[in-house]
Structure formats: structure tokens, C-alpha cells
Amino acid sequence: MGGGMWLQFFEQNIHFALYMFVALVFFAVSWLYFDAWSNKRAPKELLKWAGFAGVGVSFLIQALIVNQDLLSGPYDTAASVLRAAGFLAIVAAQLIDPLQPVPKLTGLYGPQETEVPKKSTAWYAPLSLGAKWLLPIVCGYIAWLYYNRATKGLERHYKKVAYAFAAFAVSDALALLTSLHDTSNPTLYSWVRIFGPIWVIQQVVLLAGAILLGNWVWGYLTKRFFSQLLMIFILAIGTVFLIVSVGFTSLLLRDIHHNAQANLEVSTQVLGYAFEAKQSEAAGAAEQVAGSAQIIAAVTNKDHQALVALTKNYLVSKKQSDLMITDDAGQVLLRAIDTDRWGDSVSSDPLVKRALLGIDKSGVIVEHGITIPVLQVRSVAAVRAVDGTLLGTVTTSLNLDTAFVGGIKRATGLDSSLYAGDVLAATTRTSADGKNSAVGAVLTNKTIVNQVLHKDKVYSGSLAFANQELVGAFVPILDPDGVPVAILSVDKTESSLLETAGRSVQLTRILTAALLIVSIVPVYFVTRNLVRQVE
């Protein structure tokens, strides 16, 4: 099973678990400030618990986003705006909450002057840049406010909060870089792509900030037995829900992967029938030309000019790549694609040799082109006189190129590829930049080569193509002697399988989050009853 798909799935679940954890940390801080507000009813405490709760909800919303490519979607936009509003509420609470002054000390030299910190007037919100650009700026400002409160006032415990918000500011700044993942610069893309190095660093920095903030709030919540027990229950239930969610979606994705492989195998069988139809079509065209009275007469007289005139429009009308006519000794009388090149002998050609013995044959031939090999459906028929005397041969050829597989895609909607041996000869699949098709690339997966070309068996599984992870089915294509000489493959990107499962995964995450939130109510009452019994 494809490692790339499961790596992305694993990274998506890391994103889900991390953002759920960060949301819980902010909810815990909100709970702490809500408890303080319920005692004093102070506006600053109201702003604090509302601000932290809003930020927690924003992280909860982002945890539910499955497709990380949709970073400008409505859910992400709503989360960014809500987080910006929460940060602004925290800023307002800090600005209206005066610092606790350091006590004045009286010693041998009388009262000492204490420096009174000046409130910063440099704070402003560049709303014109939008919520996403506002986040790292406001978050960094919150970090400075808490650090200022911790170093110039008495509330030293806020240093951890300051460091946590500094980490959140860096994380939001890195998230802005990942929004450049649509860039056409390959070097920049390798860094800012979804689940790339910048994304990983951003997740690590976000986790560090959440741990710092969680450690700070835990120290306060554990001072009350009720809060401590409540948070333990919520974390335990959240962990169970997370494990169940990941397990269920893993089984779902595995089934989708297996079904995709089975469907692709069926698709290759359908395309196999299309190949047989092409061979029958080529055989019919060769027999039609060989049975023409005018062709028979021209071959009998070895009249090159007459054959040129008779077949002038043949390639266009029959949509063939080439037509070759020889006499009974294998000497070329006509090549429709190059009428000036004739007179040479092709008696050593295996199909022509069979036709000269009276055996008509069709099959796929590998021709060695200038840069890449070319696959051809080739059919040979004997030209006979009225009395049955063998006069020559007719060979029709149809190139199996990118135009051919493009026609298959237009008819079936499937991406397909043709390999001449282990060299890619034609494909509808493009690379990640949507431009290069990588024709001429070598199939490096030795398992596929051995299974299909050496053992003449169908293979289905995963492979890497032009920096993409694919799941596909591969079937052998036989030459006229029944020997595998080429491979036909039908494939899908593994990311498309993730997109197929995305809706179900997102619904599962929403259900997990909803169950976690709903479970808080009974957990609250159970915890309160337990605490009352203990007390």
C-alpha cells in the first residue's frame, strides 16, 4: 500500500490531534479566567475568558479541516477571523489591566524611586492586511504584553504565557508561508508545500507553545481538586475519541484503497478489449487492402507509381500510421508514409516472413525510435492472385502514442500509460507541475517489471511517478509470439483517494469533536458528585 498516501493520512491526523490539543489548552485557560470572572465580574476577566474561548474555538474549527490545500476556504477564514477577534480581546484585557507595582522599599537612604512602566502606545491592528496577516502581529504583541507584565511587574508567572504566545506568533507567521504552496517555483514549493518542511516546523512550534501554555494553566487548575479531576477525565475521553476516530478512518481509507485497485484492474481488462479491437481493426484494414483488385494488379506488375496513386489518401481515411506493401520476395514496393523510400528488403521482418508463408498475423511491436521506443499495433496480410498464388504482403501500422492514450482518457476518463518494455512510451499522466509527462522515464519498480514482463501476470499496487504517489493496475501486452513486450497501466493519484475519503473523515472528526463537547456536561456533573463525596 502506498507509503505516500499513508504518510499524508498520518500527517493529517497529527494536524487533527495537535489542533484539538491546542483548543483544549485554550479552553482550560478560558475556564480559569471564567472562574475568576464569576467571582469578581470584572470586565477585564470577561474579555480574557471570552478571548481565550474564541481562540480555542478557532483551533477546534481548524482541527476539523481535512483538505489542507483549501487554506482559504470558508472554515479556515472563519477560524482566522475568530482567532484574530480572540487575540484582540486578550490585548484589550491586558491594556485595561494595570500592572501590579513593585513594592517601594525604605532603607538607610530613604524611599527609593521605583520606575513606573509606561504603557505602550505603539499598538495598532493592521486590519487592512486581513485576519491571517493580523494573527502573528497581534499574537506577538500579546507575547510582549505578558512579558512586560512579568518583567516590570510582580506577575512573574506570566513569563511562560509570554513565551507561549511568542511561539504562537512564529507558528502563525510560518502558516503564512505555507499559503504560498501554489507557487510555480520548484525550490520554494519544496519548502512551503502542504506537509512540507515549513509545515512540519510550524506544527512543532505550535506544539511547543501549547505545551508551555498548558503547563502554566495546569499549575493553577491542579490547585483545585475539582478542576484537576475534570481535566483528567476530559483528556482521557478525548484520547479515547481520538484513537477511535483515527482507527475508523484508517480502516475506511484502506477499504477505499483496495476498492480502487480492484476497479483499476477491471478498467485494464476493459482497455485490453480495446487493444484487441484495434488489432482486429488493423487486421481488417490489411486484408481489405490485400484483397483489392487494383492493389493485386499493381503488386503483380510491381508498379510503384500505381500503388502510390491508389493509397494516396489511405493513412488519413483509415487513421493508420503507416502502410507497407512488398512483393513475394519481401522487397518493399511502397511505404505510404515515405513514398520515396522503396526497393529495400524486409524479408527478415517476423510478421512479413509469416505472411510470405501464407500466415496472416497481428500484434504489438516495439520500434526503437530516435529518443524513445514506439509501440505499434501491426497487422500483415498476404496478397494473393485469383488462383491463390502468393504475390506479396500488406502491412498496416498504428502508433500507440500519447494521442492514442489521450483518446482513451476522453472516452473513459481514466489516466493510462504505455510502457515499451520498462520505458514509458506514452501517457496521459503529467507531473506535479501539470506540464511534463516524463515520457522516456524508466519504470524503476522491479516488482512490477518482474510480475508483468517476466511472469505475464497482472499487477496492482502503488508506485512513484514524477514525484507523485500513484495506485494503479498493470497488464502485459503481448507481441505476435505471445511474449510480453509492453505494459498497459491505469492509475489514480493516492491524493485523490484521500479526497474521496475526505468527506467521511471530516464527518468523523466533526462527530468526534461534538461527542467530546457533549461529554463534558455529564463529566462535569459526575466530577462534581465525586468531589462532594470525597469532601
Side-chain angles (χ1 to χ4, degrees), residues 13-42 45-65 79 82-83 86 89-90 93 157 160-161 164 206-207 209-252 504-535:
N13 280 291
I14 287 179
H15 167 84
F16 175 58
L18 174 58
Y19 276 66
M20 285 290 288
F21 172 68
V22 177
L24 285 175
V25 169
F26 273 92
F27 286 141
V29 179
S30 176
W31 172 274
L32 180 67
Y33 283 120
F34 176 79
D35 189 47
W37 174 80
S38 62
N39 292 327
K40 298 180 180 179
R41 303 286 177 174
E45 305 299 336
L46 175 63
L47 285 172
K48 289 178 183 177
W49 79 256
F52 278 95
V55 175
V57 172
S58 75
F59 277 106
L60 180 61
I61 293 173
Q62 285 197 308
L64 303 179
I65 298 175
L82 187 59
R83 192 182 309 169
I90 296 171
H157 59 95
K160 283 186 180 179
V161 181
L206 179 62
L207 176 61
I211 290 175
L212 283 171
L213 187 60
N215 179 261
W216 174 80
V217 72
W218 183 257
Y220 284 94
L221 293 178
T222 53
K223 295 183 184 302
R224 296 178 58 186
F225 180 61
F226 170 77
S227 298
Q228 181 180 7
L229 197 60
L230 179 64
M231 294 305 298
I232 290 174
F233 282 155
I234 291 176
L235 285 175
I237 293 173
T239 302
V240 171
F241 282 160
L242 178 63
I243 293 173
V244 172
S245 172
V246 172
F248 173 78
T249 51
S250 298
L251 293 175
L252 173 66
S504 298
V505 171
Q506 190 164 44
L507 288 175
T508 303
R509 290 184 178 179
I510 292 173
L511 181 61
T512 300
L515 289 174
L516 179 59
I517 293 171
V518 171
S519 67
I520 293 176
V521 176
V523 167
Y524 174 84
F525 287 107
V526 169
T527 305
R528 189 177 66 177
N529 289 333
L530 287 174
V531 171
R532 285 178 178 176
Q533 292 178 21
V534 171
E535 292 176 349

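I14 is linked by a side chain to side chain contact (heavy atoms under 4.5 Å, CB included) to F10, counting only residues two or more places apart in sequence or in another chain. Evaluation of the side chain to side chain contact (heavy atoms under 4.5 Å, CB included) rule for L212 yields Y163, A164 as partners, not counting sequence neighbours. In this view, F241 satisfies the ring pair (Phe, Tyr, Trp, His ring centres under 6.0 Å) rule with no residue, not counting sequence neighbours. Applying the side chain to side chain contact (heavy atoms under 4.5 Å, CB included) test to L46 and every residue at least two apart in sequence or in another chain returns W37, W49. Checked against side chain to side chain contact (heavy atoms under 4.5 Å, CB included), I243 has the following partners two or more places apart in sequence or in another chain: T239.
Side-chain atoms of N529 come within 3.5 Å of backbone atoms of F525 as a donor-acceptor pair (strictly under, hydrogens ignored). Using modelled atom types, no side-chain atom of S30 and backbone atom of F26 make a donor-acceptor pair closer than 3.5 Å. For H15 (side chain) and Q62 (main-chain N/O), a donor-acceptor pair under 3.5 Å exists by modelled atom type.
Between the CG atom in L18 and the CG atom in L206 there is a gap of 4.5 Å [rounded to 0.5 Å]. Between the CD1 atom of I211 and the NZ atom of K160 there is a distance of 11.5 Å, given to the nearest 0.5 Å. Note that CG of L530 is 5.5 Å distant from CZ of F233, once rounded to the nearest 0.5 Å. Atom CG of residue L64 and atom OG1 of residue T508 lie 11.0 Å apart, to the nearest 0.5 angstrom.
Taking 4.5 Å as the limit, every side-chain heavy atom of V217 sits out of range of all side-chain heavy atoms of W31. Residues L32 and W216 form a side-chain contact, since some pair of their non-hydrogen atoms from C-beta on lies under 4.5 Å apart. When side chains are defined from C-beta on, L213 counts as touching V161, because their heavy atoms get closer than 4.5 Å.
Partner of V523 under the side-chain contact (heavy atoms from CB on, under 4.5 Å) criterion, out of I237, L229, I232: I237 alone.
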Pair up each side-chain donor or acceptor in residues 50-61 with any protein partner under 3.5 Å, not counting sequence neighbours, and list the distances.
residue: S58; atom: OG; partner: V55; partner atom: O; Å: 2.6
residue: S58; atom: OG; partner: R83; partner atom: NE; Å: 3.2

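Nearest heavy atoms, V25 versus G214: CG1-N, 3.6 Å. Minimum heavy-atom separation, F16 to A63: CD1-O, 3.2 Å.
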